[in-house]
Amino acid sequence: MSLIPVLVKREFTSRVKGPAYIITTILGVVVFIALSFLPPLMERISQSLLPAEIELVVFEQPGEPSILPYLQQAGDEREGFSVYADPDLSESDAYRMVLEQGLSGLLLVDGPLYTLVTPDASNIMVNDEVENILNLAVSRRNAVRLGLSDEDMASLFRPVDLRVREISPLGEDGEELDSAAHTQSMVLAYFLLFMIYMALIMYGNMVASGVAEEKSSRIMEVMVSTVRPVELMLGKIIGVGSLGLLQYFIWIGTGLVMNSMGRAGAIAALLGSSGQLSSIPLDIVMWFGLYFILGYFFYASIFAAAGALVSRVEEVSQVVSIIMMLIIVGFFAAYISFLNPNSTLAVVTSLVPFTAPMVMFARIVLGSPGLIEVIASVLIMLVSVFLGAWFSGKIYSIGILLYGKRPTLRQVIRLVRN
Amino acid sequence: MSLVAAQITKRFRDVTAVDDLSFTVHRGSLFGFLGPNGAGKTTTMRVVLNIIRPDEGQVTWNGTPINRLGRGFFGYLPEERGLYPKMRVAEHLEFLGRIHGLDKRKARIETERWIERFELGDLRQKRIEELSKGNQQKVQTIGTMLHDPELLILDEPFSGLDPVNTALLKEVLVEAHQRGKTIIFSSHRMDQVEEICEDIALIDHGRLVLHGNLRQIKRSMGRQILRISLEGDQGFWAKLPGLELLSSRADYQEFRLGERVDPNHVLREAMRAGQVIHFELVEPSLDQIFVEKVGGQR
């Protein structure tokens, strides 16, 4: 009978109660909750930043037809906006008036030149709002001057509605791409990608330092007298991996609960807003799980081998840095793939085992890679997981009884060959 | 029925740690495995335990290669002690029982029994890292015996134990021995080996120097050691040829007799020098054999 379950259980129970694990799990839950609150929350925040009242004093140089009536018209349409103009007022009086009465600012109009003089120039919200209103007022004045009707104006400024539709070689009708949904899936993909990246690094390091701890505490020698090294390695990898999976289920579970609450309108009601919630589609969750597991098992065995090559826990960071570089490369490749999920770079890196877990996942969330590509990447990953475990198992078996100076890469390869 | 190591050689790059080593450990015997530091004891033990594979030779138990023996056949206490520092005593012992092939229930029962026996009851819920070195060693020693292995291999089992626990461990080992278990242990303390071992192997530079029944080995060395207690001129021996002073204690002096020296002649000389209180020809102690066999070459 294999001892792997016994080893996995020990690994799991000895870590699951640890403060590091509990803290990261809770932090993740908080992040997921915060994320689903984010869109309505952002709406609330942007609303609260905009001042209710914008009061302007207008100081106009004579010449062009006055902008004032158009500004006043805009003031009637937008709540809280008012303009004040007095031809008898000097410029310095106008300044004083703004400061003494706490107005939003003084608008200097000199031909095509508009200057907003304000006590708080850094309040971008006010500046933007004044610019919007001014734009509207100026274009209305121009319309009158050009003799355009309101309908002409509306047709002139109507935004183009570009619809994007993907054609597929199978001749099916492509789904229409919803650009809002696309942005949302970008955000989601980025976030989930970051989670895979973090999990690979975090749990990989946990495996490597776990192996180094067993070596430095010398429990290893007792273990290998009764357990085969490969079993020992798999026990550790699966044990740590099950911690990762548990965390993943807790986090995704939180996300899904928040989703259904959002769909039921509970969160929006809570925040008194009608804002849309970000939602996590179930199929994306499944892909995330699959690529997390494949990526983890591939990298974990390499991390285990690295941990077996050092004698003390302090040396772990030196040997794992190379592996971490590979993960970082994968992360950046995935990040670049965001811009064009079907570029050559994206296609190639989604088939290389070191980068595939991140790049292929990003491509699945964003674009629609061919079914064959997806199957190929999963198969390549599966084979790589087994090859990686086999090769790492060899290094691991040799490394765990090696103490003293860390062997060089060449020595390791020679040892494995023997 | 015995453990047979046949012509084992193990090289690490250019160092030959074990060199064509052969020895036999009879089933049910208490076997002392001796040698100076760096003689290759640990490597040999690892080969016997199938932790490392020898370059040449093989180890068998009743003709079966050791890698085909089931889990739980061995109990191993390495010289470098180690446990999982964060685990609790009872939990750790159960874990050790499980990895040596005990089922859950049996592992729990045995853990309780041994905790009782080694008086660790108050510590059962303590973390290993909170324990004293001596208590950690107790836990680890229990961990090697919990599953009642056929063959116990203990590297320096007594180092770090106080006299009370040393006595307790000896008692446990003798008990296992009486139940027919085979025990191999190494020690630097020759008096302890002499006290419990029947058979020994002495190795040096990876080679076998002495091997066999301890009593026979001693007998074969001959009664060459002379113990004299004398009231009078302690320096009388200086003019006698063939006498080598081994130790000079308050109660007696010990000499090695040269090959052609007649003990009776020494006795006569001693009587002339003063009042002889004690005169005895004794077998060499294991300590002396050890020093004689491996000491001279260093």
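Order of the sequence lines fixes the chain letters, A, B, ..., with proteins taken first and strands second; residue numbering starts at 1 for each chain.
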Pair A:F288 and A:F361, ring centroids less than 6.0 Å apart: yes
Please report, to 0.1 Å, the donor-acceptor pairs under 3.5 Å made by any side chain of residues 58-68 of chain B, with sequence neighbours excluded.
from  : atom 1 : to    : atom 2 : distance (Å)
B:N62 : OD1    : B:S2  : N      : 2.9
B:T64 : OG1    : B:W61 : O      : 3.4

Option that, when pairs with chain A are counted at under 4.5 Å, heavy atom only, ranks first among B:I52, B:L83, B:I99, B:T144: B:I99
Ring-ring centroid check A:F298 A:F354, cutoff 6.0 Å: yes
Residue B:R46 versus chain A: region with a heavy atom under 4.5 Å: side chain
Carboxylate-amine/guanidinium contact B:R179 B:D148, below 4.0 Å: yes
Chain A contacts, top residue of B:G101, B:G82, B:G143 (heavy-atom pairs, under 4.5 Å): B:G82
Proximity breakdown for B:L77 and chain A, heavy-atom pairs closer than 4.5 Å: neither
Row check, A:Y21 ring normal vs A:R15 NZ/CZ: under 6.0 Å, within 45°: no
Max heavy-atom pair count under 4.5 Å with chain A, selected residue of B:Q140, B:R81, B:K86: B:R81
Interface moiety of B:I153 toward chain A, non-hydrogen atoms closer than 4.5 Å: neither
Selection from A:I219, A:V224, A:V222 maximising heavy-atom pairs under 4.5 Å formed with chain B: A:I219
Show every donor-acceptor pair shorter than 3.5 Å between a side-chain atom in residues 232-251 of chain A and any protein atom, with sequence neighbours excluded, or say none if there are none.
from   : atom 1 : to     : atom 2 : distance (Å)
A:K236 : NZ     : A:E11  : OE1    : 3.1
A:K236 : NZ     : A:E11  : OE2    : 3.0
A:K236 : NZ     : A:E214 : OE2    : 3.4
A:S242 : OG     : A:I238 : O      : 3.3
A:S242 : OG     : A:G239 : O      : 2.6
A:Q247 : OE1    : A:Y203 : OH     : 2.1
A:Q247 : NE2    : A:T24  : OG1    : 3.0
A:Q247 : NE2    : A:T25  : OG1    : 2.8
A:Y248 : OH     : A:V285 : O      : 2.8
A:Y248 : OH     : A:G289 : N      : 3.3
A:W251 : NE1    : A:T25  : O      : 2.8

